[in-house]
Student: 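A single structure is presented below for examination.
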2 protein chains.
Amino acid sequence: MIKTDIINNVSKNADITRVKAVVAVEAILDAMKESMRRGERIELRGFGVFQVKPRKKGIGRNPRTGTEVRIPPGKTIRFKPGKDLRNLR
Amino acid sequence: MIKTDIINNVSKNADITRVKAVVAVEAILDAMKESMRRGERIELRGFGVFQVKPRKKGIGRNPRTGTEVRIPPGKTIRFKPGKDLRNLR
DNA sequence: GTTGATGATATCGGTCTTGATCATGCCCCG
DNA sequence: CGGGGCATGATCAAGACCGATATCATCAAC
């Protein structure tokens with residue numbers, strides 16, 4: 001599924017024009033990106049939670065050469081599925 | 001950030017009524033949930049990719065009692081940040 | 001049609017996930 | 001706008017799985 005599919009689906013199910021659907025999807029993704037960039041946690045009950053977490057790691061490795069590579073500390077985005085998405089087992 | 005915040009943001013930036021924004025957000029999350037439930041991969045260039053992956057794990061533990069708990073194999077949803085979200089380090 | 005982001009791949013270390021339970025707080029509904 | 005229902009966070013241990021690297025082909029997005 002790609003962005004276009006979501007837009008079609010939204011345009012249809014939310015009963016708004018395709019153009020509005022495009023803008024809405026863009027707006028949502030944008031809002032989420034900005035929020036995450038600010039290091040915030042995004043909680044959507046029933047769907048899941050996006051959480052920006054600090055990464056402490058220190059040693060990586062270049063699979064191609066086998067050389068050790070330092071992994072500078074940084075941040076990672078973790079997505080934790082909500083109740084509705086945890087029952088796929 | 002919670003669902004309400006996104007709705008406000010969308011309503012404002014996409015220039016659609018608050019009600020439409022609510023429906024749009026719900027529609028999008030719903031579309032994504034359904035897709036993932038079908039085991040599909042959701043790719044949104046520049047944002048990230050949601051991928052349903054099999055999980056092998058086997059042993060967990062109840063923190064309170066220390067009792068081992070079986071964790072049957074199942075599926076997990078992995079979110080891989082896109083280019084725009086990988087530069088938060 | 002064009003542009004450029006993403007997948008795949010290999011290796012090894014160490015962070016993180018997973019199930020159960022209680023308290024907190026998000027979200028629905030009046 | 002406030003109350004209540006119920007999803008979610010924190011917690012434990014042990015083992016599974018991620019992440020770093022570079023390059024080409026593929027395909028999402030405009």
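Heavy atoms only: backbone and side chains are in, while hydrogens, waters and symmetry mates are out.
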Student: What string of B, S and - do you get for nucleotides 5-13 of chain C 5' to 3' if you count protein non-hydrogen atoms under 4.0 Å?
Tutor: BSS--BBSB
Student: Where along residues 29-38 of chain A does a heavy atom come under 4.0 Å from DNA chain C, residue by residue in number order?
Tutor: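 Heavy-atom cutoff 4.0 Å gives no residues at all.
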Student: Round to the nearest Å and state the distance from A:Ile42 atom CD1 to D:dA7 atom P.
Tutor: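 That distance rounds to 22 Å.
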Student: On the nucleotide D:dC17, are OP1 or OP2 found under 4.0 Å from the side-chain N or O atoms that B:Lys53 carries?
Tutor: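 Looking at the OP1 and OP2 atoms of D:dC17, neither is under 4.0 Å from any side-chain N or O of B:Lys53.
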Student: Would you indicate what B:Thr76 reaches in the nucleic acid, counting non-hydrogen atoms under 4.0 angstrom: base, sugar-phosphate, or nothing?
Tutor: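 It contacts sugar-phosphate atoms only.
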Student: Grab the CD1-P distance between B:Ile77 and D:dC18 for me, whole Å please.
Tutor: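 Those two atoms, CD1 and P, are 14 Å apart.
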Student: The test is side-chain contact (heavy atoms from CB on, under 4.5 Å); show your working for B:Asp15 and A:Val23 and say whether it passes.
Tutor: CA-CA 9 Å; B:Asp15 188 39; A:Val23 182; over 6 Å; no
Student: Measure the shortest side-chain to side-chain distance between B:Ile77 and A:Phe79 over non-hydrogen atoms and say whether it is less than 4.5 angstrom.
Tutor: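 Of all side-chain heavy-atom pairs linking A:Phe79 with B:Ile77, at least one is under 4.5 Å.
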Student: What verdict does the side-chain contact (heavy atoms from CB on, under 4.5 Å) test give for A:Met32 and B:Ile6, after you've listed the backbone C-alpha separation in whole Å, the side-chain angles of each residue and the deciding distance to 0.1 Å?
Tutor: CA-CA 8 Å; A:Met32 292 177 71; B:Ile6 294 180; 4.0 Å; yes
Student: Could I get the full list of salt bridge (charged side-chain N to carboxylate O under 4.0 Å, His left out) partners for A:Lys20, not counting sequence neighbours?
Tutor: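 Here no residue qualifies.
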Student: Can you check the B:Arg78 CZ to D:dA16 P distance for me, whole Å?
Tutor: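 It is 17 Å, rounded to the nearest whole Å.
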Student: Any chance CG of A:Asn8 has more than 12 other-residue heavy atoms, nucleotides or ligands included, within less than 6.0 Å?
Tutor: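 Counting neighbours around CG of A:Asn8, more than 12 heavy atoms of other residues, nucleotides or ligands fall under 6.0 Å, so yes.
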Student: Could you check if a side-chain atom of B:Val49 sits within less than 4.5 angstrom of a side-chain atom of B:Leu44, using non-hydrogen atoms only?
Tutor: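 Side-chain contact under 4.5 Å: no.
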Student: Can you pull out every salt bridge (Lys or Arg N to Asp or Glu O under 4.0 Å) where at least one residue sits in residues 38-52 of chain B? Sequence neighbours excluded, please.
Tutor: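 Of all non-adjacent pairs touching residues 38-52 of chain B, those that pass salt bridge (Lys or Arg N to Asp or Glu O under 4.0 Å) are B:Arg38-B:Glu40, B:Arg41-B:Glu43, B:Glu43-B:Arg45.
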Student: Side chains of A:Asn13 and B:Asp30: closer than 4.5 Å at any heavy-atom pair?
Tutor: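 The answer is no, as the side chains (C-beta and beyond) never meet within the 4.5 Å cut-off.
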Student: Can you find a heavy atom in the side chain of B:Val22 that is under 4.5 Å from one in the side chain of B:Lys3?
Tutor: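 The answer is no; the side chains never approach within 4.5 Å.
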Student: What pattern of brackets, bars and dots sums up DNA chain C from 5' to 3', given Watson-Crick or G-U wobble pairs under 3.5 Å, [ ] for crossing pairs and | for another strand?
Tutor: ||||||||||||||||||||||||||||||
Student: side-chain contact (heavy atoms from CB on, under 4.5 Å) for B:Phe47 and B:Asp84? Distances and angles first, verdict last.
Tutor: CA-CA 6 Å; B:Phe47 183 77; B:Asp84 295 358; over 6 Å; no
Student: Grab the CZ-C1' distance between A:Phe79 and D:dC18 for me, whole Å please.
Tutor: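 For the pair A:Phe79 CZ and D:dC18 C1', the rounded distance is 18 Å.
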Student: Would you kindly give the CD1-to-P distance between B:Ile7 and C:dC26, to the nearest whole Å?
Tutor: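 Distance, rounded to whole Å: 15 Å.
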Student: Listed by chain and number, what are the salt bridge (charged side-chain N to carboxylate O under 4.0 Å, His left out) partners of B:Arg37, not counting sequence neighbours?
Tutor: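 Expected list: B:Glu34.
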